Amino acid sequence: MTNHQKRLAVPNSWPVERKTDTFTVKAGAGPHGESGVPLLILLRDVLEYVDTRKEARYALNQDSVLVNGDAVSDEERPIGMFDILAFAEREEYYRVFPDEGGRLALTPIDADAADGRLGKIVAKTTVNGGDVQLTLHDGTTLHLDADAADQYSPKDSIVVDNESKDIVAHFVYEEGALVTAVAGQHAGQIGTIETIDVTLGSGDNAVTVATDDDAYETIEEYVVVIDENFTGGDGE
């Protein structure tokens, strides 16, 4: 197995230049699947906190970098949409948020906003014992008793507290909900759902989203319900 990834073949969401060099670092196993960006790329190429992999490993071994509240020691750990990066010694906090064009970007937030991370529910299943499992967009799973899980549905969004791992907020996918597009030609655009058009058969449902300037149409898979606090760079 190689530790390198050809730049021309990286997902469009990765914040790397494709024609400067042949290779970049390869993401390790972890959340977000193939779309996850190696932590090293964010530390070295985006934030420019380190110059080399060796420096990144040293910083991570000091437990100075937290991802979703947990210290990370693997520089290849995949980082993806809505993850929270915290540098407590610097008092700097970032949310991974798609910008226009679909590239993942680091949005500065305040310390309070860094206490929990947003997750889109992509599946809801009953497991052994009668509990319900919620699967989030990054592969994270949460187990709830059946009564507690009744209020949650696929396509809804929740906020999970980084310390307790409890659900602390819930945003319903419905007309009137605030959403951001995370893929497609409208990636990064925030607006309010005007209509949800259900397509019969195996086709994707269409969503019309009204923005401050206009409106756009995309498919359900490409939108995530968010809270108004996610639209501001400083969490206010």
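All values below come from the heavy atoms of this structure, side chains included, with hydrogens, waters and symmetry mates left out. Since the structure is predicted, the reported quantities are computational estimates derived from the model, not experimental observations.
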Is it possible for you to say whether [X] and [Y] belong to one hydrophobic cluster, with membership spreading through side-chain heavy-atom contacts below 4.5 Å?
X      : Y      : answer
Val46  : Leu43  : yes
Tyr49  : Leu104 : yes
Val72  : Leu106 : yes
Val225 : Val168 : yes
Val50  : Ile79  : yes

Straight-line distance of [X] [atom1] to [Y] [atom2], nearest 0.5 Å:
X      : Y      : atom1 : atom2 : value
Leu118 : Phe97  : CG    : CZ    : 8.5 Å
Asp156 : Glu174 : CG    : CD    : 8.0 Å
Ile190 : Thr211 : CD1   : OG1   : 10.5 Å
Thr195 : Ile193 : OG1   : CD1   : 9.0 Å
Asn68  : Lys165 : CG    : NZ    : 6.5 Å
Glu217 : Glu194 : CD    : CD    : 10.5 Å

For this session: Count the heavy atoms of every other residue, nucleotide or ligand shown that sit under 6.0 Å from CD of Glu89, and state whether that count exceeds 12.
Result: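 No, not enclosed.
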
For this session: Check the surroundings of atom CG in Asp212: do more than 12 heavy atoms from other residues, nucleotides or ligands lie under 6.0 Å from it?
Result: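 Open: at most 12 neighbouring heavy atoms sit under 6.0 Å from CG of Asp212.
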
Problem set entry | For Ile219, the rest of its hydrophobic cluster, which grows through side-chain links under 4.5 angstrom |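 Taking Ile, Leu, Val, Met, Phe, Trp and Tyr as members, Ile219 shares its hydrophobic cluster with Tyr222.
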
Problem set entry | Apart from Val160 itself, residues in the same hydrophobic cluster as defined by side-chain heavy atoms under 4.5 Å |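 Cluster partners of Val160: Ile121, Val132, Leu134, Leu136, Leu142, Leu144, Tyr152, Ile158, Ile167.
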
Exercise. With distance as the sole test, does Asn205 use its side chain to make a donor-acceptor pair with the main-chain N or O of Ile196 at under 3.5 Å?
Worked result: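 No; judged by distance alone, with no hydrogens or angles, the pair does not exist.
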
For this session: Could you tell me whether the side chain of Thr199 and the main chain of Asp204 form a donor-acceptor pair under 3.5 Å?
Result: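 Side chain of Thr199 to backbone of Asp204, a donor-acceptor pair under 3.5 Å: yes, one is there.
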
Where [X] and [Y] come nearest, the two heavy atoms and their spacing:
X      : Y      : answer
Leu60  : Asp74  : CD1-C, 3.8 Å
Tyr93  : Ala88  : OH-CA, 4.4 Å
Gly130 : Ala146 : O-CB, 3.9 Å
Ala71  : Asp63  : CB-OD1, 3.8 Å
Pro78  : Pro31  : CB-O, 3.4 Å
Pro98  : Ala181 : CG-O, 4.1 Å

Problem set entry | Of Arg95, His32, Arg117, the residue whose pairing with Asp83 passes side-chain hydrogen bond (donor to acceptor under 3.5 Å, both in side chains) |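 Output: one option passes, namely His32.
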
For this session: For side chain to side chain contact (heavy atoms under 4.5 Å, CB included), just list the numbers for Gln189 and Val209, CA-CA rounded to whole Å, side-chain angles, deciding distance to a tenth of an Å, and then say yes or no.
Result: CA-CA 9 Å; Gln189 296 185 31; Val209 179; over 6 Å; no

For this session: May I ask you to decide whether Glu76 forms a salt bridge with Arg53, counting only side-chain N to carboxylate O separations under 4.0 Å?
Result: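 Looking at Glu76 and Arg53, the cut-off is met.
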
Heavy-atom side-chain proximity of [X] to [Y] below 4.5 angstrom:
X     : Y     : value
Val96 : Leu85 : yes
Leu42 : Tyr94 : no
Val65 : Phe87 : yes

For this session: Apply side chain to side chain contact (heavy atoms under 4.5 Å, CB included) to Met81 and Val182, showing your working.
Result: CA-CA 8 Å; Met81 185 174 65; Val182 297; 3.2 Å; yes

Problem set entry | Side-chain donor-acceptor contact under 3.5 Å, Thr140 with Asp138 |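 Side-chain D/A pair, Thr140 to Asp138: present.
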
For this session: Assess whether side chain to side chain contact (heavy atoms under 4.5 Å, CB included) is satisfied between Val159 and Phe171, documenting all intermediate values.
Result: CA-CA 9 Å; Val159 175; Phe171 310 123; 3.8 Å; yes

